[in-house]
A.B. asks: 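Below you'll find the structure I mean.
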There are 2 protein chains.
Amino acid sequence: MTSSKVYLEIVKQLREMITIDGLKPGDKIPSERELSERLNFGRSSVREAYRALELLGLIETRRGEGTFIRDFRGNQLVQLLGTFILQDEKAKRDVFETKNYIEMDCLRLVLQRMDDHHLAILHDWINKEEHFTDDEFFYRIIEMSDNHLFLRIWLILKEYYYSLNPIQDTYKFEDYILLLNGLAEKDEAKTLSAYYNLRNLSSF
Amino acid sequence: MTSSKVYLEIVKQLREMITIDGLKPGDKIPSERELSERLNFGRSSVREAYRALELLGLIETRRGEGTFIRDFRGNQLVQLLGTFILQDEKAKRDVFETKNYIEMDCLRLVLQRMDDHHLAILHDWINKEEHFTDDEFFYRIIEMSDNHLFLRIWLILKEYYYSLNPIQDTYKFEDYILLLNGLAEKDEAKTLSAYYNLRNLSSF
DNA sequence: GAGACAAGTGTGGTCTGACCACCAATTTAA
DNA sequence: TTAAATTGGTGGTCAGACCACACTTGTCTC
């Protein structure tokens, strides 16, 4: 049962430590030196374990202060996996399609979660900003959907999208207004229809 | 844009190296000593980068042989994430929600793309297999949606999902049938309603 | 006494060099 | 020809050194 590699053994023991002590995000975990002495392993092995967990986004290190459990949001991981996995999946259609579908998902979520206050803020912004970009607009939408995972995935897709389609698309201002009206009325059909219009997609 | 930490810089450069050389799973990447000399970093830093990628399951090391790119499998993550994430209720909700929404997106895509032949195959399978799992079912659905990106994302989400919810959910056989009926009739409302039923979600 | 400065301590960040264990190919010996 | 020993490359681990940084403490000055 003992992990053959020391750094894996350290990860394992650290997990037990966290479970037993009931440590939560923000809490401090042992320093590299302390843990290496306590478990009788070299400091470099402890570092390998910590670095791995850090890349996973599970812990956070602050030089001069220490190492802490992190508020996990699936961030680093999705990013990394993205680059490693999506490398040969650059089919233009898939990226395009997936981005659109996720944007629509977020619109649906916004319809459920949004309150008048949020909508008002969005309205103010769109009226004040003369030349906002499509990205800025949907960033706000997806933020309002309050799903961090969607946000992360969307950010990656956006990058791919631009690498495939360097020309900055321009959309009609009126279409954004229509979309906001759909949201304001909490009308899913109307909102999605406005989205289709905005993106020049053929509707069903 | 230089990463402040050397090991992150090494991860970055390694990724570029992989992209440029077009390396695939199974291919060998530079040995720790070679890379440390080539990039002018210490071997321990290279090790930190390699160990992190290994824990992620992206590379594989064989003592005495070398280090190789791996065909991604999220197995390691499953146990890991559980310990670190469990407290974070919002992250949990995000994973759950995102997985569901993507499954629904794929259902919509299937509605557009599916032909009778595909549907027949799915029908045959579901009638032959007595005890299929939910994963197996939706894997087929998502495959049929013919969007590789969604498939990749879904596979990752599935891993997250099980790390958060180790209990294998069981669903009703009839609900799958209803879902297939919805697909057969190319009726989006009916299909999604069946999905909501299957997953015990409150409909709108 | 209050504030500013200095030293000290603890932390992560990095590098170097040294072993060990393992594997594979080559060379050597039977 | 075959089996054994050697050799070189690889990952696995450790110890120690030094740096950069953050915080605490103590001291000095006003």
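Treat the numbers as computed from the prediction; the structure is a model and nothing was measured. Below, chains carry the letters A, B, ... as their sequence lines are ordered, and counting in each starts from 1.
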A.B. asks: Indicate yes or no: does A/Glu97 engage A/Lys99 in a salt bridge with an N to O separation below 4.0 Å.
C.D. replies: no
A.B. asks: Heavy-atom distance under 4.5 Å between the side chains of A/Leu109 and B/Tyr101, does that happen here?
C.D. replies: yes
A.B. asks: Check the pair A/Glu48 / B/Tyr50 against side-chain hydrogen bond (donor to acceptor under 3.5 Å, both in side chains), numbers first and verdict last.
C.D. replies: CA-CA 9 Å; A/Glu48 289 179 8; B/Tyr50 275 24; over 6 Å; no
A.B. asks: Does the side chain of B/Ile10 reach to within under 4.5 Å of the side chain of B/Ser45, using non-hydrogen atoms?
C.D. replies: yes
A.B. asks: Taking atom types as modelled, find out whether B/Tyr162 and B/Asp135 have a side-chain donor-acceptor pair closer than 3.5 angstrom.
C.D. replies: yes
A.B. asks: How bent is the helix from C/dG1-D/dC30 to C/dA30-D/dT1, comparing axes over its five end pairs at each side, to the nearest 10°?
C.D. replies: 20°
A.B. asks: Just jot down the side-chain hydrogen bond (donor to acceptor under 3.5 Å, both in side chains) partners of A/Ser145, sequence neighbours excluded, or say none.
C.D. replies: none
A.B. asks: Whether the A/Asn100 and A/Tyr195 side chains hold a donor-acceptor pair (N or O, under 3.5 Å, no angle test) is what I'd like checked.
C.D. replies: yes
A.B. asks: If you walk 5' to 3' along DNA chain C, what is the first nucleotide with an atom under 4.0 Å of a heavy atom in chain A, and what is the last?
C.D. replies: C/dG10 to C/dT14
A.B. asks: Residues two or more places apart in sequence or in another chain: which of them pass side-chain hydrogen bond (donor to acceptor under 3.5 Å, both in side chains) with B/Lys28?
C.D. replies: none
A.B. asks: Suppose we screen for side-chain hydrogen bond (donor to acceptor under 3.5 Å, both in side chains). Which residues come up paired with B/Tyr161, at least two apart in sequence or across chains?
C.D. replies: B/Asn165, B/Asp169
A.B. asks: Check whether the ring centres of B/Phe132 and B/Trp125 lie less than 6.0 Å apart, and answer yes or no.
C.D. replies: yes
A.B. asks: Going 5' to 3' through nucleotides 11-19 of chain D, assign each nucleotide B (protein heavy atom under 4.0 Å from a base atom), S (under 4.0 Å only from sugar-phosphate atoms) or - (no protein heavy atom that close).
C.D. replies: BBBB--BB-
